[in-house]
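Shown next, in structure tokens, is the structure this report addresses.
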Amino acid sequence: MQQVRVRFAPSPTGPLHIGGARSALFNYLLAKKHDGKFIVRIEDTDRERSGREWEENILESLRWLGLEWDEGVEVGGEHGPYRQMERLDIYREYTQKLLESGRAYRCYCTSEELEEERERLRAKGELPRYLGRCRNLTKEQEEEYIAQGRKPVIRFKVPQGEKIIVDDLVRGKVSFDSDGVGDFIIVKSDGIPTYNFAVIIDDALMKISHVIRGEEHLSNTPRQILLYQALGIEPPRFAHISLILGKDGSKMSKRHGATSVAQYRQQGYLPEALVNFLALLGWSPEGEEEKFSLDELIELFSLDRVAKKPAVFDIEKLNWLNGVYIRQTDVEKIARMAVPYLQESGHLPKDEAAIDWEKLVKQVSVAQNYLSKVSDITDFFAQFYGEQVVLEGDAAREVLQQEQVPQVIALFKQKLQDLDPVDSEGVKKMLKSITKELKLGGKKVFLPLRVALTGKTKGPELHDLIPVLGVEACIKRVESSLVQAGK
RNA sequence: GGCCCGUUGGUCAAGUGGUCUAAGACACCGGCCUUUCACGCCGGUAACAGGGGUUCGAAUCCCCUACGGGUCACCA
């Protein structure tokens with residue numbers, strides 16, 4: 001078997017999309033699985049929309065996900081350059097070949113003329129398409145167009161009456177009719193190749209063995225195969241993976257929430273979790289396990305376990321998975337990740353040097369079990385670590401109305417002030433002693449204290465929370481709750 | 001509309017003609033644990049789009065219908 005060489009070839013017209021990230025992942029996994037090469041190429045032939053800042057965003061997201069590439073932009077390689085706009089000379093050479101062999105021709109139609117033609121066809125109830133008006137231009141006609149100052153595009157002469165079979169690794173043999181594809185443009189009037197053309201030249205020259213890409217490219221594939229045939233080049237293997245859909249079943253877009261990797265990163269998702277989640281969208285391993293590291297994914301991955309049907313992006317499951325990863329990650333690391341959110345929310349000073357790390361780590365460790373993404377930390381801080389307690393709902397208020405409450409609180413304050421040291425173990429014992437001395441059930445002691453301390457009927461273990469809050473804050477909070485409850 | 005692709009529980013999905021009275025995960029519900037919640041553990045509800053074939057036998061193969069999606073650019 002030849003060496004596996006795959007590529008991820010984004011166009012830098014926006015941030016790395018979640019679907020693109022999955023394509024990149026699958027390519028990466030296939031390459032690593034077979035000791036092959038993963039290549040990143042930038043398809044920047046759309047000069048209007050391409051931008052360096054997007055390229056950087058994409059590359060940064062890929063690196064953040066852990067998908068390092070062996071060859072490509074920024075890292076180099078022997079098949080470069082890896083930006084299409086830097087490869088214009090190369091495309092020219094092949095354009096020339098196609099022109100000379102009569103497989104391509106210049107077309108002088110203006111976009112207005114083409115639009116008119118499409119309109120006319122539509123009006124007649126026919127398919128809008130290019131009819132081949134410039135296919136057989138005489139020298140005189142051509143000279144006249146040139147004299148008019150028209151800039152030609154170059155079209156590929158699509159052979160008629162041919163069946164084109166795409167032998168797809170996930171979909172099987174898919175057949176197309178060449179009559180259904182009009183003479184498409186391979187070089188724009190500004191001399192820059194179009195996607196369909198540039199992509200096949202690059203894939204061929206970069207010796208790409210497998211092209212794994214989104215299903216939206218499936219209908220482009222016959223065009224590309226035609227070009228490969230015209231140039232006498234063996235095409236790579238294709239694998240078209242299905243799209244990622246939003247909750248309502250349509251293609252995932254902004255209105256479904258975050259669509260870019262950068263946004264998930266910003267919200268405090270861990271790259272390991274996102275990778276794990278994305279891998280399971282459209283692919284499944286053999287066993288019943290659901291949690292995998294990148295290395296495990298490489299080990300298990302195979303294209304024949306890739307599903308054909310589109311997958312709905314289920315944020316609930318991502319949240320669960322991310323929570324699992326957060327719980328398994330060192331507190332210190334989560335604390336470090338939490339800093340920017342807490343600075344933003346005002347819970348931490350802007351000046352890093354002024355941060356009490358020891359305290360922060362303690363606070364975060366109490367919160368860790370409750371986070372599904374790191375940005376949730378601010379809610380947690382607001383609810384449990386603020387100066388003020390906000391009673392949550394009638395349920396909380398009612399708890400504080402119970403008759404034993406003043407007694408419990410008073411004893412708690414007293415015992416807390418006497419407690420030394422104030423640690424988890426000590427607090428646990430202290431709380432228990434309250435139930436004993438007042439001869440009350442746990443529910444009558446723990447719940448009111450919890451509400452008085454946090455304003456909520458649920459939350460972290462009191463013996464974890466109290467030491468982190470500190471004696472002073474506890475007392476203040478308890479008192480403010482009592483005031484609010486009207487006691 | 002033409003051409004393509006798809007359709008197993010709310011969601012991700014296993015399943016490639018008999019072992020399917022259809023696995024697992026998320027979500028949901030219940031129980032245990034914890035003198036709370038979560039975590040964890042245990043259990044439960046819930047699906048082969050519809051109709052025709054082929055076959056002794058079909059979620060699995062074929063056809064039709066319905067529904068969903070992709071694509072028909074001097075975008076990729």
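All chains are named by letter (A, B, ...) in the order of the sequence lines, taking the proteins before the strands, and each is independently numbered beginning at 1. The basis for the numbers below is simple: all heavy atoms, side chains too, and nothing from hydrogens, waters or symmetry mates.
Under the 3.5 Å distance criterion, with hydrogens and angles disregarded, no donor-acceptor pair is assigned to the side chains of Y195(A) and E43(A). For the residue pair K308(A) / S242(A), no side-chain donor-acceptor distance below 3.5 Å is found, with atom types taken as modelled.
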Sort me out a list of protein N/O and nucleotides 62-66 of chain B N/O pairs below 3.5 Å, or just none if empty.
none

Output one line per pair: protein atom, nucleotide atom from nucleotides 7-16 of chain B, and distance, for all N/O pairs under 3.5 Å.
{"from": "U8(B)", "atom 1": "OP2", "to": "K309(A)", "atom 2": "NZ", "distance (Å)": "2.9"}
{"from": "C12(B)", "atom 1": "OP1", "to": "V312(A)", "atom 2": "N", "distance (Å)": "3.0"}
{"from": "C12(B)", "atom 1": "O2'", "to": "L280(A)", "atom 2": "O", "distance (Å)": "3.1"}
{"from": "A13(B)", "atom 1": "OP1", "to": "G282(A)", "atom 2": "N", "distance (Å)": "2.4"}
{"from": "A13(B)", "atom 1": "O3'", "to": "S284(A)", "atom 2": "OG", "distance (Å)": "3.3"}
{"from": "A14(B)", "atom 1": "OP1", "to": "S284(A)", "atom 2": "OG", "distance (Å)": "2.9"}
{"from": "A14(B)", "atom 1": "O3'", "to": "R305(A)", "atom 2": "NH2", "distance (Å)": "3.2"}
{"from": "G15(B)", "atom 1": "OP1", "to": "R305(A)", "atom 2": "NH1", "distance (Å)": "2.8"}
{"from": "G15(B)", "atom 1": "OP1", "to": "R305(A)", "atom 2": "NH2", "distance (Å)": "3.3"}

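Separating the P atom of U65(B) from that of C72(B) is a span of 25 Å, rounded to the nearest Å. Using atom C1' as the reference point in both A59(B) and A47(B), the two lie 10 Å apart (nearest Å).
Atom CE of M252(A) is separated from atom C1' of G68(B) by 18 Å (rounded to the nearest Å). Per the geometry, CD1 belonging to I185(A) stands 4 Å off P belonging to C74(B), to the nearest Å.
Between F277(A) and F313(A), the distance from one ring center to the other falls under 6.0 angstrom.
Note on K317(A) versus E290(A): salt bridge recorded, some NZ/NE/NH1/NH2 to OD/OE distance being below 4.0 Å. Taking 4.0 Å as the cut-off between side-chain N and carboxylate O, K247(A) and D314(A) count as a salt-bridged pair. Between E113(A) and R150(A) a salt bridge is recorded (basic side-chain N to carboxylate O distance below 4.0 Å). Here D203(A) pairs with R41(A) in a salt bridge; the nearest charged N to carboxylate O distance falls below 4.0 Å.
Comparing C5(B), C3(B), C74(B) against the side chain of E215(A) picks out C5(B) as the nearest. Taking the side chain of R450(A) as heavy atoms from C-beta on, and the options C74(B), C5(B), U36(B), the nearest nucleotide is U36(B). For S219(A), the listed nucleotide lying nearest its side chain is U71(B); candidates were U35(B), A76(B), U71(B). For L447(A), the listed nucleotide lying nearest its side chain is U36(B); candidates were C37(B), A76(B), U36(B).
The cationic atom of R22(A) (NZ for Lys, CZ for Arg) lies less than 6.0 Å from the six-membered ring centre of F26(A) and within 45° of the ring axis.
Residues V153(A) and V187(A) form no side-chain contact, since every pair of their non-hydrogen atoms from C-beta on lies 4.5 Å or further apart.
Taking 4.0 angstrom as the limit, T194(A) places none of its side-chain polar atoms (N or O) nearer than this to OP1 or OP2 of C75(B).
When heavy atoms are screened at a 4.0 angstrom cut-off, N220(A) is found touching base atoms of the nucleic acid.
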